[in-house]
Amino acid sequence: MAEVSQAGADAGAGAGQGAGAGQGKVRLDAIERGSSLWRDAWRRLRKNRASVVSGVILVVLVLACIVVPEVSSWRYDLADLKLGATPPSAAHWMGTDYFGRDLMARVFFGGRVSFTVGVIATLVSFTIGVSWGGIAGYFGGKVDAVMMRIVDALYTFPFLVLVILLMVFFANDRSVLHAAFQLVLSVAVENPKDPAYFPIFQIAVVFAALGAISWLTMARIVRGQVIALRGQPFVEAARSIGVGHRAIIFGHLIPNALGPIIVYTTLTIPEVMMTEAFLSFLGLGTQEPLSSWGLLASSGAETMDLYPWLILFPGGMLAVTLLCFNFLGDGLRDALDPRIRKD
Amino acid sequence: MIRFVLKRLLSILPTLLIVATVAFVMMRFVPGGPFDQERAVPAEVERALRAKYHLDDPLAKQYGDWLWALVSRGDLGPAFKYPNRTVNEIIALSLPISMQLGVLAMIFALLVGVPLGIVGAVRQNTWKDTAAMATAMVGVSIPRFVLAPLMILIFSLTLFWFPVARWETWRHMVLPVVCAGLPMAAYLARLTRGGMLEVIRSDFVRTARAKGLSERRVILRHALRGGMLPVVSYLGPGFSHLLVGSLVVEKIFNIPGMGRYFVEAAMNRDYNLVLGVMLVYGVLLMVFNALVDVAYAFIDPRVELG
Amino acid sequence: MLFEVKDLHTQFSTEEGVVRAVDGISFSVDRGEVLGIVGESGSGKSVTSLSILKLIPDPPGRITGGQILLETEAGKTEDLVRASEARMEQIRGDRIAMIFQDPMTSLNPYLRIGAQLAEVLVLHKRMRRAEARARSIALLKEVGIPAATSRIDDYPHQLSGGMRQRVMIAMALLCDPDLLIADEPTTALDVTIQAQILDLIQERREAQGVAVILITHDLGVVARMADRVAVMYAGRIVEEASAEAIFHAPRHPYTIGLKRSVPRLDVARGQRLSPIPGMPPSLARVPPGCPFHPRCEHVMAVCREKVPETREVSREASAGEPGEGKSAAGDAAAGATKATRRALHVVRCHLGDPALDTYHGHPTSPAPEAQQVDQPGGGAS
Ligand SMILES: Nc1ncnc2c1ncn2[C@@H]1O[C@H](COP(=O)(O)OP(=O)(O)OP(=O)(O)O)[C@@H](O)[C@H]1O
Ligand code: SF4
Ligand SMILES: [Mg+2]
């Protein structure tokens, strides 16, 4: 008994804030089932060596991206033209670039940008995808048919082509979006026209564009889950005591579908990071003097015959990060959703 | 079946029209034109250029002219940034190169990825499976713009096996094709393994075994078709990923394919070229998707083309 | 004896531990005989049948002990447990054929049924394609498929469930197997089709003397088809006897419970059905002692420690009618026992010794234990 109430408290804190006191009981059985599911999943995940190692590496990398640029004796944008490009040495562990800037500081600073883009764009995609799929799945019928038809249609679209156009046309200082950005900015700062803010604007466009194209799969997954759950007694019970649609979808259904959502979110992050790097590589994403792994790799690629370390370090960091996210996502899928386990 | 393909091809026309219209409008409404980045161009020259290319006409008229030229003569108009060439000429030169790259890369991906996935599934949880899938995971995680420089460093600059750039003999093609195809091969390996595992566990494969068929025959004759279905349905989106991937590959290997023109044109606001390339991409993708649907129906008799 | 299983063990290693899905079972079937295997879901019936053909997925499963003895054409016996995979491929489909439960999923949806049938003949009988096709059409006609000549080019999804099961049966019979294993061949079908399919199997048994292992959880099917019946619980055979004896003089409390939980036409309506309380155990955590003890209404303390010894007694020697009271059914049972006078039956625990208070036959069990009778499951938790 003690265990049950404990589990109830956990899940209540985690998920159903909107649920009133009366609904606690209604959801008990679902929660009880849920908590042992999480425990089993955790146990399974810990047994998956590749996932655990990946998780640890990711944590270390994120910490390094936070700490290294702060404690490093070199600033990421401190140039030393006399020095120029030098291979890794005791002073510059990853060497320096053409302008004599310390590559290690640039790589870890770039990591901040890459991770931030990954996480924020994933949040955008998460929000759109979960709402879209939740609403379609919950209401079913015509609503569902129309919403999912839209998703299907968008699926066949070569989205990156569109993103490239978007980036070209909107991420410049004369676009409508930029004007809107300055307007918003003017609330917060004194001189919104300062060009120093322009890179931030550009990154914001990247977030929006990436988030906007990567929500489709999430919508499908959430819809499937919600359809499977909506016939369950606890949903009926909640409805019968007058819980509204919105509270049912976001307070009851989505929390119970968290497993696949978490898995897919974990897999979206590397995808988005890869896309950001791709855009930066084409010169359409992050811009100098900021740095991101894609941008660093891009400029490194141009001189790789002379200064190979300029591509190896940022490219390697990016590849390792993506690899870890993918292994972690795979492990999470195996742990959280034994049914769709692929081995 | 021929009727189905024709119907599908006809049905893409409205979609193409919408894509073209949206892209057209989007490009004309945003600030910045093809000629205003070059500071050196004096005002009157720019005016003359704009007049020459009818950029001062009302938008509706520009759109109508453009569309009419396209429909009546298949003419995509002049390329602003390449004064002596039309969009048609540029596409005629660059499309075959991109198609070669794309098709070769896809063949490479299928030849490498599918057998790898089958091995993984058939030898499930053995070291072969683990090795194949770890390799595939690395493959899907390395971006092409990291892979390509790496391969150039190793195979061109150190071993001198293949040239660094351009698209002329088969030696030039090896590295770009591998770079474009490898991530897809890795993804296909994972897809194939998943699909095969599902089928291998299915009742009808058990029936096949109970008949006394050898494992080889069970896999090749009974499991493979079903296991290939996820792969076949991925080929549509996969093709579009490949197009995007070839943007990077063409840039790194300095290949004069359509992808390079597209990126350059978008940055230069070369309206006609961007529109033209997008339309070609659209046609390619939709034709390819129709073919994939046919292939799917060919494999799975329960699917009816309609 | 055509076919004999001795002390077969099959295990699965799973996350929850080792699942002993088949835990030391023995039975035999001879030509022209139908052996029924009954038991609740999860009792290990399908694992038994897959073990016979060595089709247990490995990993996680493995046959860990026992013998599967098949009489060879030359009249010797061969142990399939030790047979090579190549040898098994010769046996499967040719000497031992199998019909699966779900005709909807057991045929390959991507191949025409003609191709699926013919390949068996090409493989085992070295027939040419045309010959194999002709024979397939003939068999489809024999199993009652109308317009077989054109149906043979259909895909499975173009056939109804009953048709598909007929195709499965035709496929199994193509090579005139000596042993036919039918794993719930009718569960997925509706009642009329069910009867037709069973008739078809019965007919084959009579016409060709094929031995049949008929797996089902439907006692009605068993009553109709089987000569002898083995009752499985938690991976073991708890009682084996002639079909009449199982029906009219069941000995094991589990068999009695199974019988009581089936609606019967010959018993006055209004008599309550009483399903066996509780659930079958997870085979990863089989209760110690007699695995049935948490659900047994005759449970005694000793049952939780060990399974009663197996003793062979004749049904006569234990003539008391357990479970049902001495009613009309009891008289029928007396008749039935006479009919099987010659046979010695393996009865695991329930000797029906009238000297004991219950009809429980634990030699070691003192009578007072019977007090616990009415607390099924009470001792388990
Ligand atoms: N592949 C497997 N992996 C792990 N355990 C298995 C596997 N196959 C079967 N089992 C275990 O073996 C037990 C017996 O299963 P089996 O399919 O033989 O039951 P059954 O008597 O045929 O039931 P039903 O009437 O439902 O068909 C199951 O409880 C299951 O736990
Ligand atoms: S009486 Fe004892 S041994 Fe017999 S079935 Fe019941 S529990 Fe098992
Ligand atoms: Mg079964």
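Computed from a prediction, not measured in an experiment: that's the story for all the values here. Per chain, numbering begins at 1; letters A, B, ... match sequence-line order.
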Is a donor on one side and an acceptor on the other found under 3.5 Å between the side chain of B:His222 and the backbone of C:Gln116? no

Test your reading of the model: is there a side-chain donor-acceptor pair from B:Thr207 to the backbone of C:Ser106, 3.5 Å cut-off? yes

Region of [X] in contact with chain B, defined by heavy-atom distances below 4.5 Å:
X: C:Tyr155; value: side chain
X: C:Leu50; value: side chain
X: C:Ala172; value: neither
X: C:Met88; value: neither

Taken to the nearest 0.5 Å, the spacing of B:Asp300 CG from C:Tyr110 OH works out to 5.0 Å

When rounded to the nearest 0.5 angstrom, what is the spacing between CG in C:Leu53 and CZ in B:Arg206? 10.5 Å

Could you have a look at [options] and say which one has the most heavy-atom pairs with chain B under 4.5 angstrom?
options: C:Leu174, C:Leu111, C:Asp94; answer: C:Leu111
options: C:Leu55, C:Val120, C:Ile99; answer: C:Leu55
options: C:Met104, C:Glu119, C:His124; answer: C:Glu119

Note, B:Phe204 side chain near C:Asp102 side chain (heavy atom, < 4.5 Å): no

Student check: side-chain heavy atoms of B:Lys211 and C:Arg92 closer than 4.5 Å: no

Heavy atoms of C:Met98 and B:Ala210 approach each other most closely as CB-CB, 4.4 Å

How close do B:Gly212 and C:Leu123 get, counting heavy atoms only, and between which atoms? O-CD2, 3.3 Å

Portion of B:Arg221 that has a non-hydrogen atom of chain C nearer than 4.5 angstrom: both

Most heavy-atom pairs under 4.5 Å with chain C, out of B:Arg209, B:Glu215, B:Arg302, B:Arg225, belong to B:Arg302

